[in-house]
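Just so we're on the same page: letters track the sequence lines, and every chain starts at 1.
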There are 2 protein chains.
Amino acid sequence: MPENQPTISDRIQRELDRLTRAERQLAHSILENYPASGLGPLATLAKDANVSAPTVARMVQKLGFKGYPEFQTELREELKAKAKNPIAKHDTWAEGAPSGHVLNRFTDAVIDNIRHTLGQIDPDDFDAACGLIGDPDRALYIVGGRITHTMAEYLFLHAQVIRAAVTHIQSTSNTWPHYLLDVKEGDVFVIFDNRRYENNTLKLAEMAHTKGAKIILFTDQWRSPVHHLADICFSSRIVVPSAWDSAATTLLLVETVIAAIQDQNWAQTKDRTERLEDMFDQTKLFRKFT
Amino acid sequence: MPENQPTISDRIQRELDRLTRAERQLAHSILENYPASGLGPLATLAKDANVSAPTVARMVQKLGFKGYPEFQTELREELKAKAKNPIAKHDTWAEGAPSGHVLNRFTDAVIDNIRHTLGQIDPDDFDAACGLIGDPDRALYIVGGRITHTMAEYLFLHAQVIRAAVTHIQSTSNTWPHYLLDVKEGDVFVIFDNRRYENNTLKLAEMAHTKGAKIILFTDQWRSPVHHLADICFSSRIVVPSAWDSAATTLLLVETVIAAIQDQNWAQTKDRTERLEDMFDQTKLFRKFT
DNA sequence: AGAATTGTGTTACAAAAAGAACAGAAGCCG
DNA sequence: CGGCTTCTGTTCTTTTTGTAACACAATTCT
């Protein structure tokens with residue numbers, strides 16, 4: 001007896017399309033901390049979602065309840081049922097999937113990776129790395145390998161908005177030596193290298209090192225050989241129940257770096273973002289007439 | 001501050017001796033199905049416990065609350081906190097960094113995103129999606145936009161190893177219409193589209209849809225307009241303390257999909273991997289002699 | 001671009017709930 | 001056993017809360 005009565009949360013999601021803008025906004029607010037927010041007074045819920053009270057009343061009726069009180073009553077019933085259920089579905093991420101489902105196994109592993117990785121990071125290293133990456137007086141080179149290339153590109157795309165003088169190098173390409181021509185002492189290399197470590201990447205790192213560039217390395221728990229040359233090294237746990245490795249933790253670090261350097265150079269970022277938007281707009285206009 | 005504030009349940013139990021008969025009766029009724037019953041109207045609670053309404057009001061004041069509404073508010077807060085803490089017990093992820101450090105703030109947000117996202121995924125949808133993506137009889141097209149392009153590429157790189165007939169399309173490129181020439185009914189499109197949703201992506205989706213292709217969409221919590229055309233839609237929470245959005249959750253899903261379809265087609269994957277290794281080796285040999 | 005439709009917030013009203021005051025019941029002392 | 005204290009339920013008032021009606025805003029369609 002899996003009692004798979006659709007929960008109110010399910011119902012909201014299913015009707016999401018049929019809802020209007022304000023109602024959707026409200027719906028998300030409800031799901032945000034479900035079910036607690038739905039159990040408060042209507043007005044509070046409305047305020048939290050930045051919609052008017054009647055919107056709440058209307059949506060609730062759209063969902064098939066007679067009124068807000070009835071909605072709350074069913075929410076409480078649901079909560080009661082859930083509390084009664086002795087099944088500890090608390091260690092399950094995707095509710096409704098057995099705990100052995102790949103969704104749950106994989107997520108478990110990734111969360112674990114994150115915890116381990118973050119636990120080993122020295123905040124000072126991190127801040128120092130952000131200082132280097134965000135420093136507009138140093139040219140920034142971002143290097144990725146075959147798979148890590150995606151991480152490199154992700155960082156590149158964002159760094160490009162935040163600051164000038166950013167270059168993205170694919171170590172797998174034959175053309176990378178060209179990029180090294182202009183490297184000066186004090187320039188910064190962000191290098192991604194996970195197993196299986198790539199020879200090209202190591203060569204590139206050596207050259208950069210010789211030229212006196214600072215090297216920040218993102219690697220895995222076993223550490224790329226590049227780490228001997230690196231000034232700062234972040235190693236992520238990347239093991240997951242799969243034939244491949246996970247880049248999720250690395251991405252988390254990259255995104256955090258982005259957030260940090262964006263804060264650090266906020267004035268500049270804002271300006272550059274606006275100019276970028278302008279240019280996009282112009283592109284669109286241009287397209288219109290073609 | 002490990003916030004080991006005693007829960008209201010604790011408070012009730014501790015005060016149990018100081019309560020009178022009717023109040024104790026009520027207290028037990030509250031604990032019976034905690035916290036659901038306490039979140040309903042006062043009168044209901046009174047009736048369920050076979051006491052009068054003022055008894056409820058009095059007891060609640062004895063527990064130190066100003067009135068019943070305040071009691072309820074705190075109950076809701078407690079519920080909210082509880083829902084947040086299935087694993088996020090970690091006040092700080094990066095030990096040694098203050099909890100306000102961007103490393104901790106960001107990680108918190110991402111874990112939260114993961115939790116929300118996974119909680120809303122229908123495992124059947126997920127399995128269905130994997131079935132389609134892994135089906136070697138259907139051509140697979142992977143589409144990304146400006147930023148999501150990195151996700152698309154990540155999936156592409158792995159899918160390519162697992163199966164044949166995989167194509168990676170950048171919706172930002174002008175050349176995408178060419179790729180649609182050979183699309184047949186039953187082919188599969190995996191489309192990534194986060195805000196700000198891209199018009200090109202929508203157009204592309206429309207064409208694919210017209211041709212009778214199956215569409216699997218990875219989008220954010222507000223859902224790209226493509227979702228009207230999608231057969232299966234996964235929406236990730238992507239909000240983080242940054243001017244940009246987080247792709248970490250999306251990546252987690254993508255990696256899980258990869259793990260799933262790799263299991264599904266293990267024999268094939270193994271074969272292809274070996275052949276790929278061979279080819280890499282040959283490349284290396286070739287280089288050796290140049 | 002204008003008209004019709006749909007969605008949304010403000011106001012006003014009705015219902016309901018919580019709190020206060022009171023009166024009756026039960027237990028506890030002399 | 002009667003008077004006192006403590007507890008409990010009923011009634012009434014005040015406040016809060018939900019809902020309905022309206023008018024304005026946004027959107028869509030023609």
Side-chain angles (χ1 to χ4, degrees), chain A residues 8 12 15-30 35-77 79 288, chain B residues 8 12 15-30 35-77 79 195-197 199 202-203 206 222-229:
Chain A
I8 292 185
I12 293 178
E15 299 281 332
L16 215 57
D17 304 334
R18 248 167 280 204
L19 300 180
T20 65
R21 180 194 54 77
E23 286 169 345
R24 251 198 307 274
Q25 195 175 318
L26 168 65
H28 279 120
S29 175
I30 294 177
S37 51
L39 292 164
L42 186 151
T44 308
L45 182 57
K47 214 175 86 190
D48 282 356
N50 278 311
V51 297
S52 66
T55 302
V56 179
R58 280 190 287 256
M59 191 194 81
V60 161
Q61 286 181 2
K62 241 185 199 172
L63 291 174
F65 301 98
K66 219 186 139 192
Y68 190 69
E70 192 184 298
F71 167 75
Q72 284 193 317
T73 306
E74 290 215 22
L75 260 185
R76 279 197 302 273
E77 289 301 321
L79 186 64
K288 249 185 192 163
Chain B
I8 293 185
I12 294 177
E15 299 279 335
L16 216 57
D17 307 333
R18 251 167 277 197
L19 300 179
T20 66
R21 182 195 53 77
E23 284 169 348
R24 246 196 311 274
Q25 194 176 320
L26 167 65
H28 282 120
S29 174
I30 293 177
S37 51
L39 292 164
L42 187 150
T44 309
L45 181 58
K47 214 176 87 191
D48 282 356
N50 277 313
V51 296
S52 67
T55 301
V56 179
R58 279 189 287 258
M59 191 194 80
V60 161
Q61 285 182 0
K62 243 185 198 169
L63 291 174
F65 301 98
K66 217 185 142 195
Y68 190 69
E70 192 184 297
F71 167 74
Q72 284 194 317
T73 306
E74 289 216 23
L75 260 186
R76 278 197 304 272
E77 287 301 321
L79 186 64
R195 70 172 181 194
R196 319 166 22 173
Y197 313 114
N199 236 309
L202 181 57
K203 292 249 176 67
E206 277 165 357
W222 301 282
R223 290 178 168 182
S224 146
V226 173
H227 95 269
H228 294 292
L229 309 167

- Item | Under the side-chain contact (heavy atoms from CB on, under 4.5 Å) test, residues paired with A/Pro69 that sit two or more places apart | none

- Under the side-chain contact (heavy atoms from CB on, under 4.5 Å) test, which residues partner A/His28, sequence neighbours left out? A/Leu16, B/Gln221, B/Trp222

- In residues 64-73 of chain A, what residues come within less than 4.0 Å of DNA chain D, judged by heavy atoms? A/Gly67, A/Tyr68, A/Pro69

- Task: Name all pairs fulfilling the side-chain hydrogen bond (donor to acceptor under 3.5 Å, both in side chains) condition that reach into residues 47-61 of chain A, sequence neighbours left out, sorted by first residue then second.
- Result: A/Ser52-A/Thr55

Using the 3.5 Å cut-off, write out each protein N or O paired with an N or O of nucleotides 5-8 of chain D and the distance between them.
residue	atom	partner	partner atom	Å
D/dT8	OP1	B/Arg21	N	3.4
D/dT8	OP1	B/Ala22	N	2.7
D/dT8	OP2	B/Thr20	OG1	2.2

- Positions of residues 38-48 of chain B (non-hydrogen atom under 4.0 Å from DNA chain C), listed by number: B/Pro41, B/Leu42, B/Ala43

- Listed once per pair and sorted, the ring pair (Phe, Tyr, Trp, His ring centres under 6.0 Å) pairs that draw on residues 47-66 of chain B, sequence neighbours left out: B/Phe65-B/Phe71

Strictly under 3.5 Å: I want the nitrogen or oxygen pairs between protein and nucleotides 23-28 of chain C, one per line.
none

- Item | Residues in salt bridge (charged side-chain N to carboxylate O under 4.0 Å, His left out) contact with A/Glu77, at least two apart in sequence or another chain | A/Lys80

- Query: Taking only residues two or more places apart in sequence, or in another chain, which ones meet A/Glu70 in a salt bridge (charged side-chain N to carboxylate O under 4.0 Å, His left out)?
  - Reply: none

- Note on the structure: Residue pairs meeting salt bridge (charged side-chain N to carboxylate O under 4.0 Å, His left out), one or both in residues 59-68 of chain A, sequence neighbours left out, come to A/Glu23-A/Lys62

- Item | Distance-only donor-acceptor check, side chains B/Gln25 and B/Arg21, under 3.5 Å | yes

- Under 3.5 Å side-chain donor-acceptor pair for B/His227 and A/Asp17: yes

- Task: Find the distance B/Met59:CE to D/dG9:C1' and express it as a whole number of Å.
- Result: 17 Å

Please produce a list of atom pairs where a protein N or O lies less than 3.5 Å from an N or O of nucleotides 23-28 of chain D.
none

